[in-house]
Engineer: 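Below is a structure I'd like to ask you about.
Just so it is clear: chains get the letters A, B, ... in the order the sequence lines come, proteins before strands, and each one is counted from 1. Predicted model only: the values in this text are computed from it and were never measured. Just so you know, these numbers use all the heavy atoms, side chains as well, and skip hydrogens, waters and symmetry mates.
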There are 2 protein chains.
Amino acid sequence: MEITFKAINDPTRREILVFLIGGAQNAGEIAKQFSMSKPSISHHLDLLKQGNLILAEKKGQYIIYSLNRSGFELVHSWFQGFAQYFEFPKPKIRL
Amino acid sequence: MEITFKAINDPTRREILVFLIGGAQNAGEIAKQFSMSKPSISHHLDLLKQGNLILAEKKGQYIIYSLNRSGFELVHSWFQGFAQYFEFPKPKIRL
DNA sequence: TAAATATTTAAACGAATGTCTAAATATTTA
DNA sequence: TAAATATTTAGACATTCGTTTAAATATTTA
């Protein structure tokens, strides 16, 4: 969980995730979207992969990245507890 | 948005949020939950407040912290795009 | 096989982060 | 008013993070 939240923390990585909603892409195409070196993007992709937010599949000399349901499910379920709180707020403590 | 994700990134801060599901608490009671100095917790509370994830209300010499719907709504709406991509089941409660 | 292409790994470095102790501020109580 | 309590602010410091350039690995093409 720690690594998944960490992966989501960076703005560039969040942009990569949003970009991938449009469909799977190879590393080079992803890197083109950003004014940043390819090694930096490669590093961000690695962290997103560690957080189970994307999948990597090697296709020849390319590596195709796509969104991974698993990481999003983790975060989604963490938020469910709060969704319930806001629907049924508990009384404040007595002072 | 940046500051909200940043606030959620730290494990101690996430624990504070989960703790507050149980109801509003003053800073001292929150600090008791952790083996960490009060100034550190105070700092974490400040970041959570900046991220609109908690509210602070002064009551005498105490400061009462409670969950703030606003920050959670922000993150939740960001996730909606992915929920649609993955076709997550819709939650019973909408944030 | 050699060159070109795609991507990652390694090393370095400044900036940001989380923690601590000490001091400051605000409020309540004796 | 002085002391006690609650909390924050300030300053310091080690660790983590994001970025870069240079080098390495893997694959395809000429």
Side-chain angles (χ1 to χ4, degrees), chain A residues 1-20 23-68 71 75 92-95, chain B residues 1-20 23-68 71 75:
Chain A
M1 181 150 108
E2 178 65 18
I3 183 66
T4 302
F5 277 105
K6 174 180 158 185
I8 292 174
N9 188 44
D10 182 82
T12 300
R13 292 195 286 270
R14 288 196 301 274
E15 281 189 61
I16 290 174
L17 292 175
V18 169
F19 178 61
L20 289 178
Q25 293 283 357
N26 62 58
E29 287 301 316
I30 295 169
K32 271 188 196 164
Q33 298 291 318
F34 302 89
S35 51
M36 190 181 289
S37 73
K38 284 177 184 176
S40 288
I41 296 297
S42 181
H43 171 62
H44 286 311
L45 290 170
D46 181 49
L47 288 178
L48 288 169
K49 197 169 70 175
Q50 284 183 48
N52 298 305
L53 289 161
I54 61 173
L55 294 167
E57 188 189 359
K58 185 136 191 177
K59 271 273 169 56
Q61 64 188 326
Y62 298 89
I63 299 179
I64 312 296
Y65 288 95
S66 58
L67 294 178
N68 182 357
V75 178
K92 294 187 176 179
I93 59 167
R94 187 171 57 83
L95 292 170
Chain B
M1 180 148 109
E2 178 65 19
I3 184 67
T4 302
F5 276 104
K6 175 179 157 184
I8 291 174
N9 188 43
D10 182 81
T12 299
R13 292 195 287 269
R14 287 196 302 274
E15 281 189 62
I16 291 173
L17 292 176
V18 169
F19 177 61
L20 290 178
Q25 293 284 356
N26 63 57
E29 287 300 316
I30 295 169
K32 271 188 195 163
Q33 298 290 317
F34 302 88
S35 52
M36 190 180 290
S37 72
K38 284 177 184 177
S40 290
I41 296 297
S42 181
H43 172 62
H44 286 311
L45 289 170
D46 181 49
L47 289 178
L48 287 169
K49 198 169 70 175
Q50 284 184 48
N52 297 305
L53 289 160
I54 61 174
L55 294 167
E57 187 189 359
K58 185 137 192 177
K59 270 274 169 55
Q61 65 187 324
Y62 299 89
I63 299 180
I64 312 298
Y65 287 97
S66 59
L67 294 178
N68 182 356
V75 178

Engineer: May I have the distance from Leu45(B) (atom CG) to dT9(D) (atom C1'), rounded to whole angstrom?
Structural biologist: 14 Å
Engineer: Flag the pair Met36(B) / His44(B) as yes when at least one side-chain heavy-atom distance between them is below 4.5 Å, and no otherwise.
Structural biologist: yes
Engineer: Looking only at heavy atoms, what is the nearest atom pair of Arg14(B) and Asn9(B), with distance?
Structural biologist: NH1-O, 2.8 Å
Engineer: From CD1 of Ile41(A) over to C1' of dT19(D), roughly how many Å is that when rounded to an integer?
Structural biologist: 11 Å
Engineer: Specify the separation, in whole Å, of atom CD1 of Ile30(B) and atom P of dT8(D).
Structural biologist: 9 Å
Engineer: Within the 4.5 Å heavy-atom criterion, are Asn68(B) and Leu53(B) side-chain neighbours or not?
Structural biologist: no
Engineer: To the nearest angstrom, how far is Ile63(A) atom CD1 from dT28(D) atom P?
Structural biologist: 12 Å
Engineer: With a non-hydrogen cut-off below 4.0 angstrom, is His43(B) in contact with a base, only sugar-phosphate, or nothing?
Structural biologist: base
Engineer: Nearest whole Å is fine: how far is dA15(C) P from Lys6(B) NZ?
Structural biologist: 16 Å
Engineer: Can you name the atoms? Protein N/O to nucleotides 25-27 of chain D N/O, anything below 3.5 Å, with the distance.
Structural biologist:
residue: dA26(D); atom: O3'; partner: Lys58(A); partner atom: NZ; Å: 3.4
residue: dT27(D); atom: O3'; partner: Gln61(A); partner atom: N; Å: 3.4

Engineer: Pick base, sugar-phosphate or nothing for Phe34(A), based on heavy-atom distances below 4.0 Å to the nucleic acid.
Structural biologist: nothing
Engineer: Just verifying a value: how many Å separate Glu2(B) CD and Gln50(B) CD, rounded to the nearest 0.5 Å?
Structural biologist: 12.0 Å
Engineer: How many whole angstroms separate atom CG of Leu48(A) from atom P of dC17(D)?
Structural biologist: 14 Å
Engineer: Determine the contact category for Asp46(B): base if any of its heavy atoms lies under 4.0 Å from a base atom, sugar-phosphate if only primed atoms, P, OP1 or OP2 are that close, otherwise nothing.
Structural biologist: nothing
Engineer: Given dG18(D), dG18(C), dT20(D), which nucleotide is nearest the side-chain atoms of His44(A)?
Structural biologist: dG18(D)
Engineer: Taking the nucleotide of DNA chain C with the nearest heavy atom to each, does Asn9(A) or Lys38(A) sit closer to the 5' end?
Structural biologist: Lys38(A)
